[in-house]
Amino acid sequence: MRQVFVPIFAMIIFLLFWEGLVWVNDWPNYKMASPSDLWPAFWRFKGLFLTFGWETLWRTIVGLLIAIAVGVLFGMVMGFSKVMREGLYPLLVGFNAIPKATVVPIVALMFVGQHDLNTVLIAFMISFFPIAVSVSIGLSTLEPEYRDILRSLGASQLTIFWKIALPKTLPEFFGALKVAVTLAFIGTNLMEIVSPHGRGLGALFDSGKTNADYPLMFAVLIALAVLGIALYYVVVVLEKIFAGWAERSTD
Amino acid sequence: MKILNDNDLIVIDGVSHTFNTNSGSLPVLDRLSLSVPENGFSAIVGPSGCGKSTVTRLVAGLLKPDEGSVWFQGEKVTSPRSTVGMAFQNPVLLEWRSIIKNVLLPLEIVPNDLSASDRESRANDLLKLVGLSGFEDKRPSELSGGMRQRASLCRALVHRPEVLILDEPFGALDAFTREDLWLTMHRLREEEPFTGVLITHDLREAIFLADQVIVLSGRPATVQYNQSMPQQGPRSLDQLYKPEANEMLNILREQIRIARKGEEPAA
């Protein structure tokens, strides 16, 4: 009960504070739209919010799934082989250091017109790094005794990975996935905003900007926040199911 | 020193080994030879860092010696064999598994023809023997350090290994828990036939548990002293507080002192 009501209560307080702030300062809505301006904006574009929201969501999820596959693969390679780690790590760090906003126009030119592909690609590129790092660290910090216990019984590398390394890395993996979820949304939106004739919530945001429809821009932000929260909690539920053992009981 | 004895289960024959580290080569063992009789229990003591753990890895087949050979039941050890059970100072239980599932782990890897219920009753028997009945379905994080180490012992023994290798298994426990576990070890020895190799820093632990105490010299290690215990097999804690035990401790302490002296570089 408390777990449901406390967050809702906090959200109501936040909205009231926001509304009050705009009202007290008498800000025009191009400075800051108030929550009461948002509902009409949502209502006016409800069809677009649904279709574009769905586009943003599925692109983010697909980008994230690719990030998981590639990130886990890189993480495994770097976690098991010291040589590969020494070789790949600087490359990955450098790649990650490049602000993805600069990569967006390059990718948009590279696959011109392929909006879905571009968007998924950026979502993937921005979010796979934390996954690769966490998996590699999880695997390389596996205490040697775990390996010795299984190896002394004649277990293969694959068995060791499956029985010990993989489950032991899951808490780190889910920690990274939570970060990756928000990053993937950033990636999706970067491409949607920048692409001409783009679709998705990012494009809706951009059209709000061109049409000076400021409440619409704020409404998109809220819609993105809602999607972000939803996807984040999906990861939390998955974490509870697959890595719930790592949670210490607090009592 | 060449050992030829039908009774020996493990024979380490003239083993030398060197580790290559970033800061150069580090010889750890120098023509080490020792043997452990079947169903015997040998404790290996020596200065810290003298290569004791390397010996356990050799016996388990996890490490190939540069020189010399390791024999197991008259067969040369070249790779890991499932007839070994291991327990370390860190109990390394799998946190995501219940205690009984942890104990069952070796049976998932070692080929055997036990049915699921046979495996479980085997694990339950062992847990009962070490006093962990009622904790089968608990997670390792819910157990105390001593209890985790008991579970780790069960896991090391569940597949009925011929050799139980213990690498400072009780080192991180408090004195009372340690004594409890020593008694548990003797109980296990009575019920389960196995040959034990114990690495320890604790001389009292060595003389209480082992039939034979081997003192290694400083690095690179070789056998410096080999003491057979007057009493073989299970014994009671009272004996540890008798004058004879003190005499034995003094002899061993003196040997360790000599070993450390030989090892000490110009400081």
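Each chain gets a letter, A, B and so on, in the order the sequences are listed, and its residues count up from 1. Because only heavy atoms are used, hydrogens play no part in the values below, and waters and symmetry mates are left out as well, while side chains stay in. Source: prediction; values computed, not measured.
Side-chain contact between A:Leu201 and A:Phe49: present, with at least one pair of heavy atoms (C-beta onward) separated by less than 4.5 Å.
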Do B:Glu95 and B:Arg148 pass the salt bridge (Lys or Arg N to Asp or Glu O under 4.0 Å) test, and can you show the C-alpha distance, the side-chain angles, and the key distance before you say yes or no? CA-CA 11 Å; B:Glu95 297 291 334; B:Arg148 287 182 200 216; 3.5 Å; yes
Apply salt bridge (Lys or Arg N to Asp or Glu O under 4.0 Å) to B:Arg122 and B:Glu192, showing your working. CA-CA 12 Å; B:Arg122 164 77 181 145; B:Glu192 301 271 327; 2.9 Å; yes
Apply side chain to side chain contact (heavy atoms under 4.5 Å, CB included) to B:Phe72 and B:Val11, showing your working. CA-CA 6 Å; B:Phe72 190 92; B:Val11 176; over 6 Å; no
Side chain to side chain contact (heavy atoms under 4.5 Å, CB included) assessment of A:Phe52 paired with A:Glu192: CA-CA 10 Å; A:Phe52 278 8; A:Glu192 287 173 352; over 6 Å; no
Under the criterion salt bridge (Lys or Arg N to Asp or Glu O under 4.0 Å), I'd like the reasoning laid out for B:Lys52 against B:Glu168: C-alpha separation, chi angles, the key distance, then a yes or no. CA-CA 10 Å; B:Lys52 299 190 293 289; B:Glu168 293 184 48; 5.0 Å; no
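Of all residues in residues 149-171 of chain A, those placing a non-hydrogen atom less than 4.5 angstrom from a non-hydrogen atom of chain B are A:Ile149, A:Leu150, A:Arg151, A:Ser152, A:Leu153, A:Gly154, A:Ala155, A:Thr159, A:Lys163, A:Ile164, A:Pro167, A:Lys168. Below 4.5 Å, heavy atoms of chain B meet no heavy atom from residues 58-66 of chain A.
The two residues B:Arg150 and B:Leu181 make their nearest non-hydrogen contact at CG-CD2, 3.7 Å.
Residue contact with chain A, scored on non-hydrogen atoms closer than 4.5 Å, involves the side chain of B:Arg139 exclusively. Using a 4.5 Å cut-off between heavy atoms, A:Glu143 contacts chain B through its side chain alone, with no backbone atom that close. Contacts of B:Leu93 with chain A are made by backbone atoms alone, with heavy-atom separations under 4.5 Å and no side-chain atom involved.
If you look at A:Phe9 and A:Phe5, their ring centroids are not closer than 6.0 Å.
We find that B:Glu108 and B:Arg97 are joined by a salt bridge, their nearest charged nitrogen and carboxylate oxygen being less than 4.0 Å apart.
Using the six-membered ring where Trp is involved, B:Phe19 and B:His17 have ring planes that are perpendicular, over 60° apart on the 30 and 60° scheme.
Between the B:Ser98 side chain and the B:Lys138 main chain, no donor and acceptor come within less than 3.5 Å of each other.
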